[in-house]
Amino acid sequence: MGHTRGAIVRSAPGKYEVVDLELDEPRPGEIEVKMVASGLCLSDDHIATGDIPVGTYPFAGGHEGSGIVTRAGANKKGLKEGDHVVFSFLPSCGHCRWCASGMQNLCDLGAGLLAGTRWEEPTTRLRLADDGTPVGQMCGISTFCETTLVSEDSCVKVPDDIPLEVACLVGCGVGTGWGSAVNAGGVQPGHTTIVMGIGGIGINAVQGASHAGAANIIAVDPVALKREKAQELGATHAVETMEEATEIAKQFTNGQGADQTIVTVGVVKPDHVGQAMASIRKAGTVVVTALGDINSTEPLPVSLADVTLFQKRIQGAMFGMSNPNWDILRQLELYRAGALKLDELVTTTYTLDQVATAYEDMHAGKNIRGVIRY
């Protein structure tokens, strides 16, 4: 039995608080990791607000992290003490239909992401130190813990020379945004791309669109800091509203509209998808990456004639359609080559005890990405 500290929500809606926790010993196929850094992603805030309900409360948050292996049970990946790892918030078994066909982001193990328990059996790996209450793990990893216990299916070994303080970002935000442009949006050289919402995901959709060769990248955000950062990392235009973005896109496309619009707002509403559909050309694509209330049944304000007669497409994107066991390493190679910016994404660093403050800063529009450093 080990001991750690971690940020939990006791119920939803609620706020993160840091508590003492007990941690199980690693079982076969499990890895104990001392955390180095954790990104502060909006999805963890969705847990606190209740937009994303989970199966086990209290619930330890965090799903974008990196660290150093401290102990390892027998495992297929050969992970051992001292290895540097980045977590994939989506585990990959490697042999289900989805993994076998190059769609690791849709691995069947993902069905258990929000249960709080380990996927192969309904038990937890964390407990409250004061009374032994079971504590659920976000995505089976809970990166808001100083030391955590994870499945090998969630680990990707990374080169020792890449700083883990920024490598954590490729475990969710970078791949989700980059892939939303490159994989889901199909950005090609010369395209005109709109990115709606410039946070930790949208800023990487900008980077992905730029890398793929888009001629015009129009970033949309009401916060001046975020518009400025978007232009530093590849956006050719930055505006406050979708109306402005749509008009600019039409100027470059003979009045047609953007080739793709990528929806990466903080809390998605049906109107966002409607605005995106109105902004794209014939046979264009709207990529819906953002999350909101996942139980909402509110209809989308989308014209069926637009879909049929103009061949417009609404494409969902989970982790940017990434294959994490390959794409995490590929993105770190792009970082090493200077083609992908990571250091510039980190606006503010926090201690674990400042996690609640970090989310207040996120809501106030102060951060592109906040990072906990342990």
Side-chain angles (χ1 to χ4, degrees), residues 37-45 63-64 89 165-185 187 191-214 216-242 245 258 260-268 272 276 287-291 317 319-322 327-328 331-332 334-335 338-350 358-359 361-371:
S38 174
L40 290 147
C41 184
L42 193 61
S43 296
D44 296 295
D45 188 58
H63 67 281
E64 182 182 85
F89 80 93
E165 290 80 4
V166 291
C168 67
L169 301 175
V170 300
C172 173
V174 172
T176 300
W178 181 282
S180 291
V182 176
N183 300 329
V187 177
H191 272 184
T192 293
T193 304
I194 296 173
V195 180
M196 185 196 301
I198 307 299
I201 307 299
I203 193 67
N204 290 298
V206 168
Q207 288 208 81
S210 177
H211 187 81
N216 308 294
I217 302 169
I218 307 161
V220 185
D221 203 287
V223 178
L225 163 71
K226 297 183 177 185
R227 296 195 301 273
E228 292 163 13
K229 181 61 73 171
Q231 290 179 299
E232 289 172 19
L233 293 181
T236 57
H237 301 77
V239 296
E240 294 185 45
T241 68
M242 277 298 294
Q260 56 282 119
T261 292
I262 303 165
V263 182
T264 49
V265 296
V267 180
V268 71
H272 292 127
V287 179
V288 184
T289 302
L291 286 167
F319 202 2
M321 293 185 174
S322 297
D327 283 322
I328 283 173
Q331 286 154 9
L332 291 176
L334 289 169
Y335 168 71
L340 174 66
K341 306 298 185 186
L342 296 181
D343 303 81
E344 292 83 351
L345 301 177
V346 181
T347 317
T348 312
T349 57
Y350 301 89
Y359 278 111
D361 289 348
M362 176 186 284
H363 286 296
K366 295 180 180 179
N367 287 342
I368 297 295
R369 195 50 132 208
V371 171

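Hydrogens, waters and symmetry mates are skipped; everything else that's a heavy atom, side chains included, is used.
Between G320 and N183, the shortest heavy-atom contact is O-ND2, 2.9 Å. Here the closest non-hydrogen pair linking A219 and A235 is CB-CB, 4.0 Å. Here the closest heavy-atom approach between residue I328 and residue G171 is recorded as CD1-CA, 4.5 Å. When every heavy atom of A181 is checked against every heavy atom of A205, the shortest pair comes out as CB-O, 3.5 Å.
Listed by chain and number, the residues in a ring pair (Phe, Tyr, Trp, His ring centres under 6.0 Å) with H237 are F252 (sequence neighbours excluded). Residues that satisfy the ring pair (Phe, Tyr, Trp, His ring centres under 6.0 Å) test with H63, not counting sequence neighbours, are F89. For L225, the side-chain contact (heavy atoms from CB on, under 4.5 Å) partners at least two apart in sequence or on another chain are V223. For Q207, the side-chain hydrogen bond (donor to acceptor under 3.5 Å, both in side chains) partners are N204, not counting sequence neighbours. Remark: H363 engages no residue in a ring pair (Phe, Tyr, Trp, His ring centres under 6.0 Å) (not counting sequence neighbours).
The shortest side-chain heavy-atom distance between V170 and Y335 does not fall under the 4.5 Å cut-off. A 4.5 Å side-chain heavy-atom check between L345 and V371 finds every atom pair outside the cut-off. Within the 4.5 Å cutoff, the side chain of T289 has no heavy atoms near those of the V268 side chain. T261 places a side-chain heavy atom less than 4.5 Å from the side chain of M242.
For T347 (side chain) and I368 (main-chain N/O), a donor-acceptor pair under 3.5 Å exists by modelled atom type. Side-chain atoms of E64 come within 3.5 Å of backbone N or O of G173 as a donor-acceptor pair. Side-chain atoms of T236 come within 3.5 Å of backbone N or O of I217 as a donor-acceptor pair. Side-chain atoms of D221 never come within 3.5 Å of backbone atoms of R227 as a donor-acceptor pair (strictly under, hydrogens ignored).
Each of V187, L334, V206 was scored for a side-chain contact (heavy atoms from CB on, under 4.5 Å) with H211, with one residue passing: L334. Screening V174, V195, I198, T264 for a side-chain contact (heavy atoms from CB on, under 4.5 Å) involving I203 leaves a single residue, I198.
Rounding to the nearest 0.5 Å places CG of L42 at 5.5 Å from CE of M362. Expressed to the nearest 0.5 Å, how far CD of Q260 lies from OG of S180 amounts to 11.5 Å. Between the CH2 atom in W178 and the CG atom in D327 there is a gap of 10.5 Å [rounded to 0.5 Å]. For the atom pair CG of L291 and SG of C41, the computed distance is 8.5 Å after rounding to the nearest 0.5 Å. Put simply, OG1 on T241 and CE on M196 are 10.5 Å apart, with the number rounded to the nearest 0.5 Å. In this structure, N367 CG and T348 OG1 are separated by 4.0 Å, a value rounded to the nearest 0.5 Å.
For the salt bridge (charged side-chain N to carboxylate O under 4.0 Å, His left out) condition, the pairs that include at least one residue of residues 229-238, sequence neighbours left out, are K229-E232.
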